[in-house]
Protein chains: 2
Amino acid sequence: MMRVMSTRIADTIRERIEQMIVTGEFSDGERLDEVKLAEQFGVSRTPLREAFQSLAASGLVTLEARRGAFIRHPDFVELVEMFEVMAELEAMCGFRAARHVTAAQMHAIARTIEACEAAIAKGDFDEYYRENETFHHLLYEASGNRFLASEAARLHRRLKPYRRLQLRANGRMPQSMREHRAIYSALERNDSKAAAAALRTHVAIQGERFNDLMASYRQMASLKTG
Amino acid sequence: MMRVMSTRIADTIRERIEQMIVTGEFSDGERLDEVKLAEQFGVSRTPLREAFQSLAASGLVTLEARRGAFIRHPDFVELVEMFEVMAELEAMCGFRAARHVTAAQMHAIARTIEACEAAIAKGDFDEYYRENETFHHLLYEASGNRFLASEAARLHRRLKPYRRLQLRANGRMPQSMREHRAIYSALERNDSKAAAAALRTHVAIQGERFNDLMASYRQMASLKTG
DNA sequence: GTCAAATCTCTTGTATACAATATTATAGAG
DNA sequence: CTCTATAATATTGTATACAAGAGATTTGAC
């Protein structure tokens with residue numbers, strides 16, 4: 001889980017631009033100016049172009065030949081689609097985890113659930129987000145399918161900013177915690193179908209959650225164009 | 001489906017290297033020599049490095065900081081894992097397609113099935129592979145979830161060389177065709193669960209198919225080290 | 001005043017030069 | 001002979017220079 005420190009400028013730049021994108025510093029469709037950004041970061045265009053490619057690979061920007069890199073915020077429909085796939089991937093993780101999870105993994109999962117609840121009690125949002133992420137990553141690992149785990153983690157990461165807004169938008173945390181416990185319980189009983197169903201519910205956008213996301217999306221949209 | 005012609009050297013290089021990787025011209029773990037390849041292709045290192053990044057994004061090579069780009073053939077376990085995820089993604093496509101598929105899409109799917117059968121009758125393998133790919137891509141589109149479709153297509157593409165070997169290894173084509181018809185039938189009846197199940201069976205590696213893949217993998221492995 | 005064509009500028013794509021790090025070879029000590 | 005430290009070499013990472021295409025602007029015709 002610990003990131004290895006890289007001395008590559010391109011990687012650093014990539015992270016900084018990603019942060020800027022995620023915090024809504026660019027509007028949708030905006031072109032990323034190579035020379036301006038290079039100047040701003042005090043580097044040449046070379047590492048910037050590498051960063052652009054990397055960002056394009058994770059879908060945050062699109063590269064158009066001889067036109068440049070353009071910010072690509074998912075529209076609302078795409079966002080729903082992405083959450084739908086995320087739900088299914090997590091369900092798959094849960095399904096498999098119910099059979100493959102080890103005692104040590106169950107212990108670690110239990111610990112993050114408690115840490116989440118403690119964070120809520122303290123009102124420490126950042127702590128909650130961190131522990132929540134750990135919870136999900138542990139689940140991916142517990143699937144026993146490392147490729148699945150990496151794909152799930154990739155999409156999870158991509159959805160991070162939207163999930164965060166969604167949760168912050170209203171007091172969904174207690175409900176989310178109950179779902180965590182339901183997932184844990186299903187794993188404990190080695191009930192694959194229940195685990196899959198619990199995770200699908202936990203992640204999917206349906207009912208009021210749909211409205212929550214829409215609200216948070218509008219909020220982001222207003223940031224973007226502002 | 002038609003690829004737009006790009007004049008970027010980097011893109012051309014990327015495709016050529018990908019082709020070389022896929023046809024087993026590099027051994028697993030082999031380092032791709034920037035200067036040698038640049039010379040070989042008659043270009044500078046710049047577009048080569050871009051191609052490396054792109055290849056890394058699709059998982060064909062891994063980039064190690066200040067060490068270079070290394071060929072990353074999936075080992076057998078990883079391959080099975082990837083097919084497992086592919087099966088689930090296709091099942092998801094089928095599940096959704098059973099509800100969303102249009103008459104025009106059904107027509108197009110029927111046409112590719114017939115084209116597949118005609119290709120088998122003619123003994124035209126390349127034709128079969130092309131039509132089979134179209135069949136699956138049509139299914140992805142029919143899911144009505146464009147993000148899902150793009151993710152499925154991405155993984156499908158990544159698995160292409162292995163699927164090809166697997167099919168060629170033995171006379172699985174007739175069975176595969178029966179499964180295509182079963183999928184079509186499920187879609188026609190708007191039976192989501194049946195469509196999902198049929199696709200899971202079609203793609204998943206289980207029973208004898210496991211042995212087929214293992215055999216073809218050994219074949220590739222011998223190519224790689226040879 | 002509007003439209004089209006040509007030119008000019010700006011931006012990306014590629015090549016090359018330079019810097020910094022990893023790998024290998026070599027020399028020396030034990 | 002082996003192990004370690006140091007130097008030499010090779011390779012990647014970054015900067016800069018150059019080439020080429022896209023977009024903007026100006027000029028001209030109608």
Side-chain angles (χ1 to χ4, degrees), chain A residues 2-21 25-73, chain B residues 2-21 25-73 224-225:
Chain A
M2 184 71 76
R3 295 281 293 282
V4 63
M5 174 68 167
S6 170
T7 64
R8 291 181 86 240
I9 294 179
D11 293 345
T12 318
I13 298 291
R14 188 230 137 88
E15 281 171 25
R16 291 179 68 178
I17 295 181
E18 182 170 336
Q19 196 60 28
M20 288 169 76
I21 294 175
E25 234 165 286
F26 300 106
S27 1
D28 189 29
E30 181 174 345
R31 177 175 141 272
L32 295 178
D33 191 323
E34 286 183 7
V35 297
K36 211 175 79 182
L37 284 169
E39 189 170 298
Q40 184 174 331
F41 290 126
V43 299
S44 79
R45 282 172 52 218
T46 310
L48 260 174
R49 288 175 60 84
E50 278 200 20
F52 285 179
Q53 289 230 149
S54 180
L55 291 167
S58 34
L60 274 73
V61 307
T62 58
L63 297 179
E64 293 182 32
R66 295 206 165 74
R67 301 238 3 238
F70 296 85
I71 293 293
R72 185 69 185 147
H73 285 298
Chain B
M2 184 72 74
R3 295 280 294 280
V4 63
M5 175 69 168
S6 169
T7 63
R8 292 182 83 239
I9 294 179
D11 293 345
T12 319
I13 298 291
R14 187 229 137 89
E15 281 172 24
R16 292 179 67 178
I17 296 180
E18 183 170 336
Q19 196 60 29
M20 289 169 76
I21 295 175
E25 235 166 287
F26 301 108
S27 2
D28 188 30
E30 183 175 343
R31 177 175 139 271
L32 295 179
D33 191 323
E34 285 183 9
V35 297
K36 210 176 79 183
L37 284 170
E39 190 170 296
Q40 183 173 331
F41 290 127
V43 299
S44 78
R45 282 172 53 217
T46 311
L48 261 173
R49 288 174 61 83
E50 279 200 19
F52 285 178
Q53 291 229 148
S54 181
L55 291 167
S58 32
L60 275 73
V61 307
T62 57
L63 297 179
E64 293 182 33
R66 293 205 165 74
R67 299 238 4 233
F70 295 85
I71 294 293
R72 186 67 184 151
H73 284 299
K224 282 187 288 183
T225 52

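What you see is a predicted model, and the numbers here were worked out from it, not measured in a lab. Order of the sequence lines sets the chain letters (A, B, ...), proteins ahead of strands, with each chain counted from 1.
Residues in residues 35-47 of chain A take part in these salt bridge (Lys or Arg N to Asp or Glu O under 4.0 Å) pairs, two or more places apart or across chains: A:E34-A:R45.
The separation between A:L63 atom CG and C:dT11 atom C1' is 14 Å, rounded to whole Å. Computed from coordinates, the A:E39 CD to D:dA15 P distance equals 13 Å when rounded to whole Å. Atom-to-atom, CZ of A:F41 to P of D:dA15 comes out at 13 Å; the value is rounded to the nearest Å. Counting to the nearest Å, the P atom of C:dA15 and the CG atom of B:L48 are 9 Å from each other.
With sequence neighbours excluded, the residues satisfying side-chain contact (heavy atoms from CB on, under 4.5 Å) with A:E50 are A:R8, A:A10, B:R49, B:Q53. In this view, B:R67 and B:E64 satisfy the salt bridge (Lys or Arg N to Asp or Glu O under 4.0 Å) rule, not counting sequence neighbours. Considering only residues two or more places apart in sequence or on other chains, A:S58 meets the side-chain hydrogen bond (donor to acceptor under 3.5 Å, both in side chains) condition with A:R14. Judged as a side-chain contact (heavy atoms from CB on, under 4.5 Å), and not counting sequence neighbours, the contacts of A:Q40 are A:M20, A:L37.
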Which atoms of nucleotides 12-14 of chain D (N or O only) lie under 3.5 Å from a protein N or O atom, and what are those distances?
from   : atom 1 : to    : atom 2 : distance (Å)
D:dT12 : OP1    : B:R31 : NE     : 3.1
D:dT12 : OP1    : B:R31 : NH2    : 3.1
D:dT12 : O3'    : B:R66 : N      : 3.4
D:dG13 : OP1    : A:R8  : NE     : 3.2
D:dG13 : OP1    : B:R66 : N      : 2.9
D:dG13 : OP2    : B:R49 : NH1    : 2.8
D:dG13 : OP2    : B:R49 : NH2    : 2.9
D:dG13 : N7     : B:R45 : NH2    : 2.9
D:dG13 : O6     : B:R45 : NH1    : 3.2
D:dT14 : OP1    : A:I9  : N      : 2.4

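Nearest heavy atoms, B:L63 versus B:A69: CD2-CB, 3.5 Å.
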